[in-house]
Each structure stands twice: as C-alpha cells, then as structure tokens.
Amino acid sequence: MGLIGGKLGYHILKAISADGQTGYMGNNVYAERSKLATLLGDNIWEETRDKVVIDFGCGTGVESVELAEHGAKKVIGVEIQDKRLQAARQRADEHGVADRCLFTTEPVESADVIVSLDSFEHFDDPAEILRVMHSMLNPNGSVLTAFGPTWYHPLGGHLLSVFPWAHLLFTERALIMWRSTVRSDGAT
C-alpha cells in the first residue's frame, strides 16, 4: 500500500526513529490512567471483583496485576513468550499480588471473565481464538476485549507507526525491516 519501500524506506524510517520511540502508539497514551478502565469502562472493576479472570495475552502482566489490585479473586495471565511471563511474575511479586496471580502458557482452570487487550491483531485466526476462549470460560462467563489499532487504522499498526499514517507512505516491507531493528520479537 505504501509508496516508499526497500532500503530507501528503511533508511528514512531509521532517520526518523532509530530506537522506535516517537510518542505515537506507545504505552504513554495511558500514562496516569488505567488502560483497562479506559478501554473497557470504569465498571471493569465490578465485573471482575471476586472472580477468576484470565488475562489472555497478558504480556508483562500490567493489567493482570491491576485486576488483582482491584479485587479479582484470581488472575491467570496467559502468554506465549517466556520472557514476558517472567516479567509478569516479577511485577506481581513487586506489587504484592503474587498470591492471586498465576502466569502460564495455558490456564489450569476455567474463568468467570476473560480480558484481552491489544491481542487480537496478533492472531492469525481470531475466530479460532474466540473458540479457545469460550472453552476456557465457566458457564455464563464473558469475554471483554479491546483491539489495538490494526494495519488499516489511521495511525497504522500499534507496533509499526513512527507517525500517523506512516503505512500510507512506506511499504509494509520497509516498516517491518525498520521494526526488526528496534524490536526483537520476531514479527514478520
């Protein structure tokens, strides 16, 4: 879709942001406020209080810890990257909620609520993920999800934009080439 590609696009992107930090699409968007409450509404705390919650795609456990701090009976953070699971365990320990948080690649029990923020844009088959989530729920359970900006969002993919609409100027290949120098998660 973009116009500028190849090594030229890559070098321009590197000149704009050698470290991937531009202020766009970063976590600083939620500075001083809860990402959970911002995306899912202030009633999220009532919907999860005294319940078993799965944080599907928990990353480093920021939202898992926050759910535990706001009264979830148990939070099971599910993540496929071991380094993120380790960071999540450490975060829960530092916040004094490790006794109510479990971080794993697969949940060991079903949940009353599944929360998933900024994950669906990473799944090859979102419908299959919804079926997997359904199998993890207790009867009458619910899934609460919010989608991060996707590729065709005006600001571009949430881990690919150096400025708004960069994906209209640069080819996906050039953006991925630039991204691979600022992140080491293997995204292609």
Legend entry - pair Phe170-Leu13: side-chain heavy atoms closer than 4.5 Å: yes
Legend entry - Partners passing side-chain contact (heavy atoms from CB on, under 4.5 Å) against Thr181 (at least two apart in sequence or in another chain): Tyr10, Lys14, Trp178
Legend entry - Intermediate values then yes/no, side chain to side chain contact (heavy atoms under 4.5 Å, CB included), Leu39 and Thr145: CA-CA 8 Å; Leu39 295 176; Thr145 187; over 6 Å; no
Inset, instruction - Please list, chain by chain and in numerical order, all residues satisfying side chain to side chain donor-acceptor pair (under 3.5 Å) with Thr60, sequence neighbours excluded. - result: Arg91
Legend entry - Any Met136 side-chain heavy atom under 4.5 Å of Ser110 side chain: no
Legend entry - Minimum-distance pair of heavy atoms, taken over all atoms of Gly6 and Thr171: N-OG1, 4.4 Å
Legend entry - Pairs touching residues 83-107 that satisfy ring pair (Phe, Tyr, Trp, His ring centres under 6.0 Å), sequence neighbours left out: none
Inset, instruction - Go through the steps to decide whether Ile129 and Met133 satisfy the test side chain to side chain contact (heavy atoms under 4.5 Å, CB included), and finish with yes or no. - result: CA-CA 6 Å; Ile129 295 300; Met133 287 180 172; 4.0 Å; yes
Inset, instruction - Report the distance from atom OG of Ser142 to atom CG of Leu137, rounding to the nearest 0.5 Å. - result: 7.0 Å
Legend entry - Donor-acceptor contact below 3.5 Å, side chain Glu79 vs main chain Gly59: yes
Legend entry - Closest approach of Ala68 to Cys101 (non-hydrogen atoms, all atoms of both residues): CB-SG, 3.7 Å
Legend entry - With sequence neighbours excluded, residues passing salt bridge (Lys or Arg N to Asp or Glu O under 4.0 Å) with Glu109: Lys74
Inset, instruction - Following the transitive rule for hydrophobic clusters with a side-chain heavy-atom cut-off under 4.5 Å over Ile, Leu, Val, Met, Phe, Trp and Tyr, establish whether Val62 and Phe120 coincide in one cluster. - result: no
Inset, instruction - Kindly indicate whether the side chain of Val115, heavy atoms from C-beta on, has any atom under 4.5 Å from the side chain of Leu36. - result: yes
Inset, instruction - Only counting residues at least two apart or in another chain, list the ones meeting side chain to side chain donor-acceptor pair (under 3.5 Å) with Gln86. - result: none
Legend entry - Expected output: side-chain Ser135 to main-chain Val132 donor-acceptor under 3.5 Å: yes
Legend entry - With sequence neighbours excluded, residues passing salt bridge (Lys or Arg N to Asp or Glu O under 4.0 Å) with Glu106: none
Legend entry - Side-chain donor/acceptor of Thr104 to backbone N/O of Pro107, under 3.5 Å: no
Inset, instruction - Could you tell me which non-hydrogen atom of Ile54 sits nearest to which non-hydrogen atom of Ala111, and how far apart they are? - result: CG1-CB, 3.5 Å
Legend entry - Minimum side-chain heavy-atom gap Val78-Thr105 below 4.5 Å: no
Inset, instruction - Scan residues 64-93 for pairs that pass ring pair (Phe, Tyr, Trp, His ring centres under 6.0 Å), counting only residues two or more places apart or in two chains. - result: Trp45-His70
Inset, instruction - Kindly indicate whether the side chain of Val143, heavy atoms from C-beta on, has any atom under 4.5 Å from the side chain of Phe56. - result: no
Inset, instruction - Show your working on side chain to side chain contact (heavy atoms under 4.5 Å, CB included) between Leu8 and Ile12 and close with a plain yes or no. - result: CA-CA 6 Å; Leu8 174 63; Ile12 293 171; 3.9 Å; yes
Inset, instruction - Taking the side chain as every heavy atom from C-beta outward, state whether Leu117 and Leu40 have any atom pair closer than 4.5 Å. - result: yes
Inset, instruction - Just grab all the salt bridge (charged side-chain N to carboxylate O under 4.0 Å, His left out) pairs involving residues 37-49, residues at least two apart or on different chains. - result: Glu46-Arg49
Legend entry - Student check: side-chain heavy atoms of Cys58 and Arg84 closer than 4.5 Å: no
Inset, instruction - Considering only Ile, Leu, Val, Met, Phe, Trp and Tyr, and joining two whenever side-chain heavy atoms are under 4.5 Å apart, list the other residues clustered with Val97. - result: Val65
Inset, instruction - List in chain and number order the residues that pass side chain to side chain donor-acceptor pair (under 3.5 Å) with Asp93, two or more places apart in sequence or in another chain; answer none if no residue qualifies. - result: none
Inset, instruction - Could you check Lys73 against Asp112 for salt bridge (Lys or Arg N to Asp or Glu O under 4.0 Å), going step by step and ending with a plain yes or no? - result: CA-CA 10 Å; Lys73 178 169 65 175; Asp112 303 304; 5.5 Å; no
Legend entry - Residue pairs fulfilling salt bridge (charged side-chain N to carboxylate O under 4.0 Å, His left out) with at least one residue in residues 53-67, sequence neighbours excluded: none
Legend entry - Partner set under side chain to side chain donor-acceptor pair (under 3.5 Å) for Glu94, not counting sequence neighbours: Gln90
Legend entry - Note, Ile76 side chain near Val52 side chain (heavy atom, < 4.5 Å): yes
